[in-house]
2 protein chains.
Amino acid sequence: MKLNISTVAKKAGVSTATVSRVLNGSPSVSKKTREKVMKVIEKLEYVPNHVARSLRSKKTGLIGTIIPHSTDYVFNFPYFSIFLREATKRLSGDGYQLLLTIEEPDENPVEIYRTFLDRKIVDAFIILDLKEKDERVEFLKTRDAKFVVVGRAVNGEEIPFIDTDNMGGAFKAVSYLLKKKCRKILFLNGPANQSVSIWRARGYLDAHLKYGLEVDDSFILNGSFTEDSGYKMTKSFEGEFDAVFAASDLMAMGALKALKEMEKDVPVIGFDDIPQAAMTSPTLTTVRQPIEKVGYTVADSIIACLESEEFPRKVLDVELIIRESSEVNHEDSKKW
Amino acid sequence: MKLNISTVAKKAGVSTATVSRVLNGSPSVSKKTREKVMKVIEKLEYVPNHVARSLRSKKTGLIGTIIPHSTDYVFNFPYFSIFLREATKRLSGDGYQLLLTIEEPDENPVEIYRTFLDRKIVDAFIILDLKEKDERVEFLKTRDAKFVVVGRAVNGEEIPFIDTDNMGGAFKAVSYLLKKKCRKILFLNGPANQSVSIWRARGYLDAHLKYGLEVDDSFILNGSFTEDSGYKMTKSFEGEFDAVFAASDLMAMGALKALKEMEKDVPVIGFDDIPQAAMTSPTLTTVRQPIEKVGYTVADSIIACLESEEFPRKVLDVELIIRESSEVNHEDSKKW
DNA sequence: TTGTAGGCGTTATCAC
DNA sequence: GTGATAACGCCTACAA
């Protein structure tokens, strides 16, 4: 026996239209009818068919998030799971679901967006890992699709985005080191073509500018955001340096490991403030990104975007958290 | 102007039924008609509406995977991304998509399965992180839902599953250590209530049995699969031991770190063979799980389950990979 | 081989 | 307030 809206209508002695109204909280239903219908719904344990609703409303309630294949790090990244958790929480509060998918290894990244759009599988996208010149964004714009980017375009392009203040964060961290008289700050940056890297590099430069210092480009290294990358870049750097600023906490941890092996003791600052940052030895000075807030805000913006045609553009503040690793002789801390 | 099957039909001068037949590769369409229709489809760039198809066919093509909230480690777990990648690849080959979702923090884990089932959002589930007594499985069985479990029931219960030979793997690793005359093997196991932990404990016990040795239960510790957990359990263990067998490579790495600090040099074996295992110092002896194959096989089984009512039950072989960490005096390796 | 038409389950528009 | 009824876009008997 199939259970659908008309079964309920029949049992309740009303029309399907009325049941639908009850279901959708329409005000134009008498209290009495509403209660009668509700009772039947509960007794039958009826739940509306989501697919039929989608067909009718042309909305699936699914938000697509395609995880770039090029960056396995997002999964290594303790950070990412927090982002997802918060976004999921916010979305499900309004009846949306995250449709997470991994990019296909050897396919043009745009294809999966095309498929999802063509088949009308999702209502909107969350774009991760914004590139300097991002073909996914280009594509979605030509298709007039809804999306929110995590990250901020570097060329002032008008796209809906949420980002943390990467430039400001780098500025704060580097200024702190410069104030401490560090003058040769090794900057372990992320991949060169990612907008996040570009913003942080701008902060690095700006801080030097403020102090009237010139920047030697050879101190800016591009790697991936992993611990391993931080370790290797530090270890293989040829030349003197008196501080390290890393674009992720994992990289900073790698740098600390390398420094220890090199028996070199200079201030280190990371980026993110992942949970481990407070637990390493030495504890990590770092730029805290409000990752929960990012997850929440992205979800919130997507919903706003879908339900009221808003065009979100937000930069969230970051904060420099001072711990042991940025202090000279931080190795001493281990003796406690 | 809306683009749907009847627009195409009109343009091509045929009925919607014929277009549908072409779309679905029905043999009963003349070559000529098919070509004519195809041409129109291409010119119009028509793509069938997935939601309408779902409504008609009662299949969404979505496979639900709910990531347990209790175990943030799945995201720390470098392993998990490989699993997802392979599963996704296999699924999309047959037109399915993975619908990944994070479990809601403070909600009964079963609820999200209920929601997905009620609303008919997914065709089947992949269950991760099987518990000894798993209410999700119970629930899905009562609802007669399709699912495949990654992991093997410990009580012989009949459920569709894919698992690696956890017991055999532990058996091999522990036997190897016993053969080396180790007699006090510290076993850093995963959470006690997870089936994977129970299988591995069985392997540990079995190996001892084979050597006619009794097992001291105090040598079996339960933690989480993280590096930190391995480190702490090793460091805080009170009592002598002459080898370590860890239930994950991350834990093994934590154990190695602890041993180094304790200036203790005993063989260590891990589990998984994550990419880093070959790159640590010392390199890690470990039980290799064919993770790509697990991802592929789970996806394959889900499809088989959906399309031909099969009931998959498969245990995939594992292999002991001998590297440096299991050899006594492995610290020497660092001098090269 | 092809076309007609009903139905999948819901919601929105229009009457009453 | 409530009830018919027509879509939404597709597939599949059944008929031709």
Side-chain angles (χ1 to χ4, degrees), chain A residues 1-38 40-41 44-62 95 115-123 307, chain B residues 1-38 40-41 44-62 95 115-123 307:
Chain A
M1 176 56 200
K2 67 185 158 191
L3 177 55
N4 55 24
I5 199 169
S6 71
T7 321
V8 175
K10 235 169 278 169
K11 281 266 184 200
V14 297
S15 73
T16 61
T18 300
V19 178
S20 178
R21 289 189 189 103
V22 171
L23 250 20
N24 295 287
S26 156
S28 59
V29 182
S30 76
K31 198 173 168 185
K32 206 171 138 190
T33 313
R34 159 165 284 118
E35 281 166 2
K36 185 172 60 182
V37 173
M38 283 305 287
V40 176
I41 287 178
L44 265 43
E45 297 189 328
Y46 164 76
V47 179
N49 181 310
H50 187 255
V51 175
R53 279 189 157 172
S54 299
L55 178 60
R56 211 20 254 234
S57 64
K58 305 199 166 297
K59 283 173 193 164
T60 63
L62 259 29
T115 305
F116 277 21
L117 273 185
D118 282 345
R119 300 193 187 162
K120 310 203 170 54
I121 291 177
V122 302
D123 295 343
E307 299 183 351
Chain B
M1 175 56 202
K2 67 187 161 191
L3 177 55
N4 55 27
I5 199 170
S6 71
T7 320
V8 175
K10 236 169 277 170
K11 281 266 185 201
V14 298
S15 72
T16 62
T18 300
V19 178
S20 177
R21 288 190 190 103
V22 170
L23 251 20
N24 295 287
S26 158
S28 60
V29 182
S30 76
K31 197 172 169 187
K32 207 170 138 190
T33 313
R34 159 166 285 117
E35 282 166 1
K36 185 172 59 180
V37 173
M38 283 305 287
V40 176
I41 288 178
L44 263 43
E45 296 188 330
Y46 165 75
V47 179
N49 181 311
H50 188 255
V51 175
R53 279 190 157 171
S54 299
L55 178 59
R56 212 14 258 243
S57 64
K58 304 199 168 300
K59 285 172 191 163
T60 64
L62 260 28
T115 305
F116 277 21
L117 273 183
D118 282 345
R119 300 195 187 160
K120 310 202 170 53
I121 290 177
V122 301
D123 296 342
E307 298 183 351

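These numbers come from the heavy atoms of this one structure, side chains and all, not from hydrogens, waters or symmetry mates. Remember, predicted model here, so these are calculated numbers, not experimental data.
- The distance between atom CG of A:Leu44 and atom P of C:dG9, rounded to the nearest whole Å, is 14 Å.
- Between the side chain of A:Arg34 and the main chain of A:Ser26, a donor-acceptor pair closer than 3.5 Å is present.
- Straight-line distance from the OH atom of A:Tyr46 to the P atom of C:dG9: 10 Å, rounded to whole Å.
- As judged by a 4.0 angstrom heavy-atom cut-off over every strand, A:Ser30 is placed among residues touching the sugar-phosphate backbone only.
- Of the residues near DNA chain C, B:Val29 and B:Ala52, the one whose nearest nucleotide (by heavy atom distance) lies more toward the 5' end is B:Val29.
- One finds a side-chain N or O of A:Arg53 lying less than 4.0 angstrom from the OP1 or OP2 phosphate oxygen of C:dT11.
- The nearest whole Å value for the distance from the CG atom in A:Asn24 to the P atom in C:dG9 is 17 Å.
- A side-chain donor from one of B:Thr7 and B:Asn4 sits under 3.5 Å from a side-chain acceptor of the other.
- With D:dT2, D:dC8, D:dC10 as the choices, the nucleotide that has an atom nearest any side-chain atom of A:Lys58 turns out to be D:dC8.
- Between the side chain of A:Ser57 and the backbone N or O of A:Arg53 there is at least one donor-acceptor pair closer than 3.5 Å.
- Here the C1' atom of nucleotide C:dC8 and the CG atom of A:Leu55 are 9 Å apart, to the nearest Å.
- Rounded to an integer number of Å, the gap from A:Lys120 NZ to D:dC10 C1' is 12 Å.
- OP1 or OP2 of D:dC8 has not a single side-chain nitrogen or oxygen of B:Asn4 nearer than 4.0 Å.
- Without hydrogens or angle criteria, B:Asn49 side chain to B:Val51 main chain gives a donor-acceptor distance under 3.5 Å.
- Remark: side-chain polar atoms of B:His50 are paired, donor with acceptor, to backbone N or O of B:Thr60 under 3.5 angstrom.
- A:Lys2 has a side-chain polar atom (N or O) that falls below the 4.0 Å cut-off from OP1 or OP2 of C:dC8.
- B:Thr18 comes within 4.0 angstrom of the backbone, heavy atoms only, and of no base.
- Residue A:Ser28 is the one, among B:Asn49 and A:Ser28, whose nearest nucleotide of DNA chain D lies closer to the 5' end (criterion: closest heavy atom).
- If you measure from atom NZ of A:Lys10 to atom P of D:dT2, you get 20 Å, rounded to the nearest angstrom.
- In this structure, the NZ atom of B:Lys31 is 13 Å from the P atom of C:dT1, given to the nearest Å.
- If you check every strand for non-hydrogen atoms under 4.0 Å, B:Ser6 touches nothing.
- A:Arg56 contributes no side-chain N or O that forms a donor-acceptor pair with the base of C:dA12 under 3.5 Å.
- Between the side chain of A:Asp118 and the backbone N or O of B:Val47 there is no donor-acceptor pair closer than 3.5 Å.
- Position along DNA chain C of the nearest nucleotide to A:Leu3 versus B:Arg21 favours B:Arg21 as the more 5'-ward residue.
- With hydrogens and angles ignored, no donor-acceptor pair closer than 3.5 Å exists between the side chain of A:Arg34 and the base of D:dG1.
- Residue A:Val14 is in sugar-phosphate contact alone, with no base atom involved, counting any heavy-atom pair closer than 4.0 Å across all strands shown.
- Counting to the nearest Å, the P atom of C:dG7 and the CD1 atom of A:Ile5 are 18 Å from each other.
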